[in-house]
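Notes follow once the structure below has been shown.
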Amino acid sequence: MSEKIILLGDARAPALTVPDALEAPTGLLADALGRPLHDLRISVTDRCNFRCVYCMPKEVFDKDYAYLPHASLLSFEEIARVAALFIAHGVEKIRLTGGEPLLRKDLERLVAQLRALPTPSGRPLDLTLTTNGSLLARKARALKDAGLDRVTVSLDAIDDEVFRRMNDVDFKVADVLDGIDAAHTAGLGPIKVNMVVKRGMNDGQILPMARHFKDTPFILRFIEYMDVGASNGWNMDEVVPSGEVVRRIAAELPLAPVGANYAGETAARWRYLDGGGEVGMISSVTQAFCHDCSRIRLSTEGKLYTCLFATRGHDLRALLRDGSSDAALSSAIGRLWRQRADRYSETRSVNTEGLSRRLDSAQKIEMSYIGG
Ligand code: SAM
């Protein structure tokens, strides 16, 4: 048996360094491969009430698992300060995630603080949140009132038994559907529903999910199971390529491709020929989209990750808490982005061609820590 190293946090993150000459943000940052900075994902907690077998498996995330202590989490005020700096650098979209973001107490207070941030263009920030939906029925109205634009809800099956097996905490599909309805009623749309497809586990749910969400206001998106983190024992054989998902749906419900809404959209869009709406395919394994990735991630404890598959973060919290000025923080962020050259998924696509196994996974950070 090969040794598996589970990286539970990222203690090795070096402090972000401040350049000698400070620079004012122009909103036009480009990384080493010419990619702009548009999206900021903020993880507000490393905790989750689900134990999805492919993300936070029970064997690893058990009762002895050491979650981050409260003092190491960024406060809402710290998060809002960082967000303002990123907006000045050109970020137009902020997604709150985790762990399960709705487990963070009073999250609507953070939403209100982010909503109040001015943007250089005067255009409103696109403020969204990814959730497992379990607490959405209770929280949707308060989130909307605080200024959240929309939500993306993760749901891996419409069959209750399959869903309970996947979330591994016996959570019911009906409760997630209630959350989706509450979000819709509150006006948190357009609502996207994300289904991670793992072969042998829930690929039998592709068509039932498509049938369920067809002719509804909700946009179902299928996500290829990714080799993120090291706790899920990822294997290429368990990935159902998006091409296969499209073929399986189209055999019963004919589909045609639709153009992207905007450059850099992660999901390829397909519409039902009978006018029943559309579905999206997020092919992060078989058709990597690193070339136009404009995302940066802020972990729960204030480390910046320039790629979901990064093996190392950059500690922004140290600067936040040592009295550094906004100009210093902003210059450090600018320098980090300019040096960014990550394109993990593109190189992984080459590596995994013809191979049915995982390569070089030992050092990757868990998705629940970095923020999905
Ligand atoms: N708890 C929230 C939720 O369930 O949406 C937010 C965090 S969760 C880590 C974000 C998304 O990442 C979920 O849709 C989840 O299914 C997805 N995810 C987690 N591990 C994944 C993997 N190995 N491959 C693809 N998607 C994954």
Side-chain angles (χ1 to χ4, degrees), residues 6 41-57 60-61 67 94-104 107 128-136 139 143 150-157 162-163 165-169 171 173 175-176 179-180 183 188 191-199 201-203 205 209 219-242 245 266-267 280-286 288-289 295 297-300 305 308-309 344-345 348 352 358 361 364-372:
I6 311 292
R41 294 202 175 181
I42 303 173
S43 173
V44 293
T45 177
D46 59 336
R47 293 165 193 262
C48 188
N49 51 345
F50 283 14
R51 285 293 171 272
C52 297
V53 288
Y54 58 83
C55 186
M56 292 183 75
V60 176
F61 297 88
Y67 291 99
I94 293 184
R95 177 177 297 280
L96 300 178
T97 180
E100 172 47 45
L102 297 184
L103 289 181
R104 181 86 185 247
L107 189 72
T128 174
L129 173 140
T130 301
T131 174
N132 61 24
S134 58
L135 301 169
L136 200 49
K139 297 266 193 172
L143 290 167
R150 53 200 176 85
V151 291
T152 297
V153 182
S154 305
L155 179 64
D156 294 330
V162 179
F163 184 58
R165 246 197 329 268
M166 286 201 82
N167 65 54
D168 216 9
V169 292
F171 203 86
V173 170
D175 291 347
V176 178
I180 294 174
L188 287 169
I191 297 174
K192 290 169 184 156
V193 177
N194 281 352
M195 168 179 175
V196 174
V197 184
K198 188 172 176 198
R199 195 184 296 282
M201 184 106 216
N202 67 337
D203 57 318
Q205 288 291 294
M209 283 284 281
I219 302 167
L220 175 62
R221 305 184 318 166
F222 296 89
I223 305 183
E224 287 177 350
Y225 172 46
M226 290 184 284
D227 52 332
V228 70
S231 66
N232 59 15
W234 183 87
N235 185 312
M236 186 67 193
D237 294 342
E238 295 168 327
V239 177
V240 180
S242 293
V245 175
T266 46
M281 304 291 150
I282 302 182
S283 317
S284 21
V285 178
T286 62
F289 36 79
R295 273 179 292 283
R297 291 178 153 84
L298 178 65
S299 80
T300 316
Y305 291 86
L308 179 56
F309 299 93
Y344 172 82
S345 294
R348 177 244 282 117
T352 49
R358 172 176 213 199
S361 65
K364 283 187 293 191
I365 316 272
E366 296 303 312
M367 191 134 163
S368 53
Y369 169 82
I370 198 173

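Ligands are counted one by one from 1 in listed order, and the atoms in each one are counted from 1 as well. Residue indices begin at 1 and follow the sequence shown. Note that these values count all heavy atoms, side chains included, but never hydrogens, waters or copies made by symmetry.
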With no hydrogens and no angle check, do the side chains of [X] and [Y] hold a donor and an acceptor under 3.5 Å apart?
X	Y	value
Ser345	Ser284	no
Thr45	Glu100	no
Asn132	Asn49	yes

Contact summary for Arg47 and Leu103, nearest pair of heavy atoms: O-CD1, 3.7 Å
Nearest heavy-atom neighbours spanning Thr152 and Arg95: OG1-NH1, 3.2 Å
Below 4.0 angstrom from a heavy atom of [X], which ligand 1 atoms are there? Numbered from 1 as shown, please.
X	answer
Val228	22 (C), 23 (N)
Thr97	6 (C), 7 (C)
Cys55	9 (C), 19 (C), 20 (N)
Thr131	2 (C), 3 (C), 4 (O), 5 (O)

For [atom], which protein heavy atom lies nearest, and how many Å away is it?
atom	value
atom 15 (C) of ligand 1	Tyr54 OH, 3.8 Å
atom 10 (C) of ligand 1	Gly372 CA, 3.9 Å
atom 17 (C) of ligand 1	Met367 CE, 3.8 Å
atom 5 (O) of ligand 1	Ser154 OG, 2.5 Å
atom 26 (N) of ligand 1	Val196 CG2, 3.3 Å

Check: [X] N/O within less than 3.5 Å of ligand 1 N/O:
X	value
Met226	yes
Asn194	no
Thr130	no

Residues Arg297, Ser43; criterion side-chain hydrogen bond (donor to acceptor under 3.5 Å, both in side chains); working and verdict: CA-CA 8 Å; Arg297 291 178 153 84; Ser43 173; over 6 Å; no
Taking the non-hydrogen atoms of [X], is any one of them nearer than 4.0 angstrom to ligand 1?
X	result
Ser368	no
Gly99	yes
Glu224	yes

Plane angle bin for Phe50 and Phe171 - parallel if under 30°, tilted between 30 and 60°, otherwise perpendicular: tilted
Student check: side-chain heavy atoms of Leu96 and Thr128 closer than 4.5 Å: no
CA sep, side-chain torsions, deciding dist, call: Tyr225, Asp203, side-chain hydrogen bond (donor to acceptor under 3.5 Å, both in side chains): CA-CA 11 Å; Tyr225 172 46; Asp203 57 318; over 6 Å; no
